[in-house]
Amino acid sequence: MSSNDLSTILDIINANVSSIQQIYAKNQTSVPSLNEPYKPLAFEPELIDSTDLVVAAATQLIAMLRSPVISLVAAVGGQHIATSIGAAEATNISEILSEAGPKGLHVAEIAKKADTDGNKLGRILRLLSTVHIFQEIAPDVFANNRLSSVLASGKTIKEINEDGITNKHNKPGDPGYAALFGHSADEVNKAGAYLREYMTNPTECKSIDMAHTPFQMAFKPEGNLFTWYGEPSNAGRLARFNAAMKGSLNASPMNILKAFDWNSVTDGVVVDVGGGTGSSSLMLAKEYSHLNIIVQDTESVVKDGHAYWQREYPDALENGRVKLQTHDFFTPQPVQNAAVFFLRYVLHDWPAEKAKLILKALRPSATQNTKLILLENIVPYAIAGHEQKIPGEKMPVPPTPLLPNLGVVNLACYIADMHMMLCLNSQERTLGEWTTLTEGTGWQLVDIKHVKAATMSSLIFHPV
Ligand SMILES: C[S@@+](CC[C@H](N)C(=O)[O-])C[C@H]1O[C@@H](n2cnc3c(N)ncnc32)[C@H](O)[C@@H]1O
């Protein structure tokens with residue numbers, strides 16, 4: 001480490017903290033306290049660039065200064081933070097503390113409401129408070145804070161008890177974050193516990209078959225993750241997964257509205273292929289009243305989808321502007337008049353050979369004017385000098401000595417890549433991998449759209 005690096009990093013932090021303070025001052029708002037529940041602010045997009053630089057610089061500073069042994073102790077123990085988040089989500093602690101308000105609640109009372117053990121819960125909440133998720137405001141008294149408040153589903157404890165825990169994530173307007181964290185901390189992290197065994201078993205880890213994953217080692221399912229979700233005993237997990245997809249949509253600055261010039265669609269339908277319950281389509285249908293949309297997915301997901309649209313936007317189903325259709329995307333596409341086929345976070349679920357089949361199954365139904373849009377991560381390298389030549393809006397190049405991918409700022413993309421490896425033997429892809437994957441499928445990449453602070457991009461294709 002050169003002392004130059006240290007002062008450059010400190011300069012980056014100082015300059016960008018000043019910019020952040022100025023943006024708050026211009027908007028006549030004070031910088032929110034870590035102790036307050038999170039409230040989204042209209043001017044948050046203005047804060048992104050500076051916040052990203054502070055986060056990247058501060059994390060790099062910690063890596064430079066802290067004992068590497070202690071850094072790795074913290075990193076390897078991160079598993080306990082993840083599983084504690086899962087336990088807090090499953091026992092509705094954030095909802096209990098939302099109702100308690102700023103005075104918080106003694107852990108004995110929290111445990112009574114959560115029907116769990118107080119001593120163990122107190123230790124879980126103290127660990128989480130130590131990493132700024134919840135706060136301990138007096139010995140054994142805990143309250144929500146900025147981070148823990150986003151673990152709440154939006155339901156009251158009475159509603160959760162009345163509706164049943166498997167329906168926890170169906171409150172209209174719930175952004176889906178609690179479901180996203182619950183899903184990650186449950187099936188994905190249980191699969192993650194087997195990564196060591198997987199990577200030291202050459203037969204397992206060198207396989208490109210979806211039946212060879214850490215997920216299979218953990219759960220021993222009959223089929224893959226999606227057929228497993230379709231089993232009746234996993235109805236709660238399926239509902240949570242569907243809501244988690246809504247959470248991933250709301251958490252990412254790149255969404256379907258920014259993916260394409262939707263006003264250019266004057267004829268034909270928009271098909272949301274593997275659309276889940278249709279959270280992207282809901283956003284699209286609400287914003288663009290001229291669009292007719294078909295959401296396609298498997299039978300069990302379409303069933304949940306009907307309930308979702310009945311809750312969120314029943315008119316769109318009733319007047320026929322939005323239709324939900326059971327369709328296996330490995331079979332020929334039934335819609336022959338599509339203006340757009342869009343697939344959000346679908347191909348990342350599949351190894352390359354299967355992903356190619358999904359694209360090929362769309363091609364015969366495309367007209368000359370049909371566009372294909374993939375909403376997917378483009379994985380940045382973590383090394384300078386190898387930036388990918390991505391067309392469209394350029395990503396800002398971070399100042400040295402920061403990592404060119406901004407380090408933990410884009411961690412979600414690399415975490416998603418691990419989810420794919422663990423559960424589906426699939427992956428997030430670099431631009432080169434996207435180009436190779438789509439070759440020979442009958443589709444040609446013509447444009448890529450990005451938004452700030454997102455590795456998720458919109459890749460736009462024409463038929464060839
Ligand atoms: C990661 S989710 C993405 C859902 C949605 N596109 C979104 O962004 O919220 C992948 C979806 O593919 C669906 N899927 C899996 N296998 C399928 C198949 N053979 N045919 C159609 N959909 C399938 C899953 O049920 C799931 O809803």
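One-based numbering along the sequence shown. First listed ligand is number 1; within each ligand, the first listed atom is number 1.
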Have a look at ligand 1 and work out which part of [X], if any, has a heavy atom under 4.0 Å from it: side chain, backbone, both or neither.
X	value
H327	backbone
D349	side chain
V301	side chain
W350	side chain

**From L284 atom CG to F342 atom CZ, the distance as rounded to the nearest 0.5 Å** = 6.0 Å
**Request:** Decide side chain to side chain contact (heavy atoms under 4.5 Å, CB included) for F341 and F461; before the verdict, give the C-alpha distance in whole Å, the side-chain angles of both, and the deciding distance to 0.1 Å.
**Result:** CA-CA 10 Å; F341 292 125; F461 297 77; over 6 Å; no
Minimum-distance protein heavy atom relative to [atom]:
atom	answer
atom 26 (C) of ligand 1	D297 OD2, 3.6 Å
atom 2 (S) of ligand 1	M245 SD, 3.7 Å
atom 8 (O) of ligand 1	R344 NH1, 2.6 Å

**Message:** Between N242 and T277, is there a side-chain donor-acceptor contact under 3.5 Å, judged purely by atom types and distance?
**Reply:** no
**Item:** Per-atom contacts, ligand 1 versus F330 - under 4.0 Å to a heavy atom
**Value:**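 Atoms satisfying the 4.0 Å criterion: 19 (N).
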**Item:** Atoms of ligand 1 close to Y345 [distance to a heavy atom under 4.0 angstrom, numbered from 1]
**Value:**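 Atoms satisfying the 4.0 Å criterion: 1 (C), 2 (S), 3 (C), 10 (C).
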**Residue from E162, E159, E89 passing salt bridge (charged side-chain N to carboxylate O under 4.0 Å, His left out) with K168** = E89
**Message:** Per the side chain to side chain donor-acceptor pair (under 3.5 Å) rule, what does the pair list look like for residues 343-354, sequence neighbours excluded?
**Reply:**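 Non-adjacent pairs meeting side chain to side chain donor-acceptor pair (under 3.5 Å): S248-R344, Y345-N377, H348-E428.
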**F241 ring center within less than 6.0 Å of Y229 ring center** = yes
Consider every N or O of [X] and every N or O of ligand 1, then say whether any pair is closer than 3.5 Å.
X	answer
F329	yes
V273	no
D328	yes

**Request:** List the atom of I373, the atom of V340, and the distance in Å for their closest heavy-atom pair.
**Result:** CD1-CG1, 3.7 Å
